[in-house]
Number of protein chains: 2
Amino acid sequence: MDRLVEAIAEKGGNPSLVGLDPKPALLPTQLIRQAVEETDRLVEGQSEACAKAGANGRDDIWLDRLAQAYLRFNLAVLDGVADVVPAVKPQIAMYEALGLPGIRAYMATCRAAGERGLFVIGDVKRGDIGSTADAYASHLSGPPLTYRQAVQGLDGHGDAEPPGASGAAVGSPWMEDAITVNPYLGSDGIEPFVRAAGASKKDLFVLVRTSNPSSDQIQELPVVHGPGQGERLYQRIGDLVQDWGSGEIGTSGYSRVGAVAGATHPRAGAELHQRMPHTFFLVPGFGAQGGNAKDVAPMFDAHGCGAIVNSSRGIIAAWRKESGYRPDLSVNATLGVVSTGARRSAVLMKQQLLDVLKEDR
Amino acid sequence: MDRLVEAIAEKGGNPSLVGLDPKPALLPTQLIRQAVEETDRLVEGQSEACAKAGANGRDDIWLDRLAQAYLRFNLAVLDGVADVVPAVKPQIAMYEALGLPGIRAYMATCRAAGERGLFVIGDVKRGDIGSTADAYASHLSGPPLTYRQAVQGLDGHGDAEPPGASGAAVGSPWMEDAITVNPYLGSDGIEPFVRAAGASKKDLFVLVRTSNPSSDQIQELPVVHGPGQGERLYQRIGDLVQDWGSGEIGTSGYSRVGAVAGATHPRAGAELHQRMPHTFFLVPGFGAQGGNAKDVAPMFDAHGCGAIVNSSRGIIAAWRKESGYRPDLSVNATLGVVSTGARRSAVLMKQQLLDVLKEDR
C-alpha cells in the first residue's frame with residue numbers, strides 16, 4: 001500500500017476516494033440527450049446495407065454513445081477532484097452493464113485517472129480458484145502470454161515464461177493500481193492475486209465486512225474455529241487477510257493485501273484494526289449509504305491512518321445541488337457544473353474527515 | 001432451469017457441459033504461431049504515424065490476435081460438441097486476461113454457442129450489493145437504459161422505466177442464458193440477480209461448495225445459526241439459496257436459482273440435494289480437477305436428475321491425445337483435430353455419466 005499511503009500524504013493527508021460509479025439516473029439530462037442525438041445522427045449516417053446487417057444497429061450504437069457519456073461525465077469529475085483526493089474507485093459493474101463499449105469506458109476512465117496522478121482502485125470483486133484466479137489476476141499483472149514470450153516459445157528459446165513472471169513489463173490493459181477481491185473460495189482463491197500484486201507492485205483489497213444491511217446474514221455468523229469459539233465469520237476472514245498479506249509488508253507498515261470494511265459497522269472496524277495491524281482498510285458506505293465522518297473515525301488507527309473512505313454518489317451527483325445547474329445549460333456548461341460540484345463536495349468531505357480525525361487524537 | 005432441463009433431455013439425458021476456458025498453454029502451437037504471424041503482418045502494415053501514435057501498438061495487436069485464436073479454438077470445440085452436450089460454460093476470467101479483445105471473444109463465444117442451440121452458462125462469479133448488483137444483473141436483463149427508454153424520458157412521456165423492466169426486450173450484449181454468482185454479500189447481493197433472472201427468463205447459479213482444496217477454510221467452518229448448531233457455512237448458504245429461489249420454481253420443479261457444488265465433495269452434494277430439493281446443481285471438478293463419474297453420482301437426485309457436470313480441460317485439451325495430431329499440421333487441420341478430440345471426449349464423458357447414473361438407480 002506504499003503508493004496509496006504516499007498519495008494520501010501528497011494530498012494533505014486526505015484519506016478519501018471518489019467512487020466513479022456512473023449510471024443513467026446520476027447523469028445530467030444533457031448528457032443523455034447528447035447520447036440520443038449522437039445515436040440518431042450515426043444511425044442516419046449508416047448505409048442501408050450496414051443497417052440491414054446489424055438488426056441491433058441502433059441499440060449497439062446507443063450503448064456506445066451512452067458509454068461515451070459515462071466517460072465524459074467521469075472526466076469532468078476527475079478534473080474537479082484530481083488535486084483534492086489521492087484515489088478513485090471505478091465500479092466495473094456499472095460499465096459491464098453497457099457491454100463492450102462500457103468496458104472500454106472503464107479502461108479509459110482508469111487510464112485518465114492514472115494520467116492525473118490518481119491511485120486507481122478497480123472495484124471488480126473478482127474471485128475464483130487456481131488457474132482461473134491467475135487469469136483474473138491479469139488485471140494486475142498483465143496478459144498470460146506476451147508477444148515476446150510467444151515468439152520465444154515458438155523459437156524454442158525455452159518455454160514461454162510462467163504467467164505474471166514478466167507480464168508486468170508489458171503492462172495490464174486494465175490500468176488499475178489495485179483491485180477488490182472476494183474471499184469466499186479461501187486461500188487458493190486469493191494467493192494468485194497476492195502473487196500478481198507482488199510481481200506487479202500493486203495492491204488488493206479483500207472483502208471482509210461489507211456495508212449492506214444483509215451482509216449480517218453471512219458475515220456475522222458465529223463460527224467455531226480452533227480456540228476462537230464464538231468468532232464471527234468476518235473476523236475469521238480478517239485473520240486470513242492478515243496472513244495472506246504477511247509476506248508483502250511495505251515501508252509504510254501496511255501489506256499489499258488490504259481489507260474492505262464498511263463504514264456502517266464502526267465497531268467491527270475498530271476491532272478489525274486491532275486484529276489486523278498491517279492491514280489497510282478501504283471503507284465504503286460514506287455519504288449516500290448512511291455513514292458520516294464520526295462513523296468512519298473508528299476505521300482509522302490510533303494515528304488517524306490506515307484507512308481510506310469512499311464516497312460515490314455524494315461526490316459524482318453533487319452537480320444536482322449546485323446553484324449554477326439549470327436544465328437548459330449546454331453540455332459543456334453542465335460538465336463544468338459536474339466538475340465544480342464534485343470538487344466542492346470532495347473538499348467538504350476532506351475537511352469533515354480531517355476534523356474528526358484531529359478531534360480523535 | 002426449465003430451458004436447461006429441456007436441453008439435457010434433447011441430448012439424450014446427457015448431464016454434462018463443456019467449460020470453454022482457453023489459455024495459451026491449452027492451445028495448439030499452430031494457433032499461437034498464427035497469432036504471432038498475423039501480429040507481425042499487421043504491425044508491418046501500420047503506417048509509421050500509426051506506429052508512433054500507439055507505443056504499445058504491437059502488444060495491443062497481439063492481444064487482439066490471441067483473442068482471435070481463443071475464438072477460433074472455441075468454435076472448433078463447439079463444432080465438435082454441439083450435438084453431444086446441452087450446454088457450455090465459458091469462464092470469463094480467461095478472456096478478461098486479454099483485456100477488451102478478450103471480452104469481445106467471450107461475447108462472440110457465447111453468441112456462437114447460442115446459435116448452435118447450446119445453453120450458455122457465463123461463469124462470471126459476480127457479486128455486489130444494491131444498485132451495483134443491479135448493474136451486474138444486466139448480464140442477464142440487458143442495459144440499464146435503452147434507447148427507447150431514453151427517448152421516452154426526454155420527451156417527458158413518464159420517467160425512464162426501472163432497470164430490468166423492459167431491458168430484456170432489447171437483449172443483453174452478454175448473450176448468456178445463466179451466470180454464476182458469489183453469495184458472500186448476503187441476500188441484497190443476490191436478490192437483484194433473482195429479479196433480473198425472473199424478468200429475462202434466465203437462471204443463476206450461486207456458489208455454495210467450490211471444488212478447490214482450500215474452500216474448506218471458509219465454506220466448511222461450523223456456524224452457529226438458530227436451532228441448527230454445528231451447521232457448516234456452506235449448508236447455511238445452501239438454505240439461503242433454496243430460499244432465494246423459492247419464488248421462481250419452474251415446470252421442471254427446479255428454481256431459477258441453482259447452486260455450484262464441486263464434485264470433489266460428493267458427500268456434501270448428496271446432503272445438499274436433500275436440503276435443497278428445488279435446486280439444480282452445477283458441478284465443477286470433473287476430470288482434470290480429480291472427480292470421476294462415480295464421484296459425481298451423488299450430486300444427482302434419486303431420479304438421476306438435478307445436476308449438470310462440467311469438464312473443461314478434459315474436453316478442450318483432448319486434441320493432445322488424438323493420434324491424428326502432429327505439430328506440423330496446418331491450422332485448419334489442427335482445428336479439425338481439436339473438434340474431433342473434443343467430440344470424442346464429450347461422448348466418452350456422456351457415456352460414463354449415463355452408465356453410473358443407470359447403475360445407481
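Values in this document were obtained by computation on a predicted structure and should not be read as measured data. Order of the sequence lines fixes the chain letters, A, B, ..., with proteins taken first and strands second; residue numbering starts at 1 for each chain.
Ranked by heavy-atom pairs under 4.5 Å with chain A, the first of B:Pro183, B:Gly127, B:Ala137 is B:Pro183. For chain A, the option among B:Ala35, B:Gly186, B:Ala93 with the highest count of heavy-atom pairs below 4.5 Å is B:Ala93. Interface summary for chain B: among A:Arg126, A:Arg33, A:Lys23, the most heavy-atom pairs under 4.5 angstrom belong to A:Arg126. In terms of heavy-atom pairs under 4.5 Å with chain A, the best-connected choice from B:Val36, B:Leu185, B:Ile218 is B:Leu185.
Only the backbone of B:Val208 comes within contact range of chain A, with heavy atoms under 4.5 Å apart. Contact annotation for B:Asp21: neither backbone nor side-chain heavy atoms come within less than 4.5 Å of a heavy atom of chain A. In this structure, no portion of A:Arg232 lies under 4.5 Å from any heavy atom of chain B. Residue contact with chain A, scored on non-hydrogen atoms closer than 4.5 Å, involves the side chain of B:Pro173 exclusively. Using a 4.5 Å cut-off between heavy atoms, A:Thr39 contacts chain B through its side chain alone, with no backbone atom that close. Contacts of B:Met94 with chain A are made by both backbone and side-chain atoms, with heavy-atom separations under 4.5 Å. Heavy atoms closer than 4.5 Å to chain A are found in the side chain of B:Arg236, but not in its backbone. Looking at B:Ser187, both its backbone and its side chain come within 4.5 Å of chain A, counting heavy atoms on both sides.
Remark: B:Asp123 engages B:Lys89, B:Gln91, B:Lys125, B:Thr180 in a side-chain hydrogen bond (donor to acceptor under 3.5 Å, both in side chains) (not counting sequence neighbours).
One finds the CG atom of A:Leu233 at 11.5 Å from the CG atom of A:Asp216 (value rounded to the nearest 0.5 Å).
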Do any side-chain atoms of residues 63-70 of chain B form donor-acceptor pairs under 3.5 angstrom with protein atoms, and if so which ones, sequence neighbours left out?
from    : atom 1 : to      : atom 2 : distance (Å)
B:Arg65 : NH1    : B:Glu38 : OE1    : 3.2

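Looking at heavy atoms from C-beta onward, A:Arg209 lies out of side-chain contact with A:Gln235 at the 4.5 angstrom threshold.
Between A:Phe193 and A:Tyr136, the ring-plane angle classifies as parallel under the 30° and 60° cut-offs.
Side-chain contact of A:Asp40 with B:Tyr147: a donor-acceptor pair under 3.5 Å is present, judged by distance alone. Checked by atom type, the side-chain pair A:Tyr106/A:Glu176 shows a donor-acceptor distance below 3.5 Å.
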Could you give me the CA-CA distance, side-chain angles and deciding distance for B:Glu96 and A:Ser138, then say whether side-chain hydrogen bond (donor to acceptor under 3.5 Å, both in side chains) is met?
CA-CA 8 Å; B:Glu96 275 192 35; A:Ser138 292; over 6 Å; no
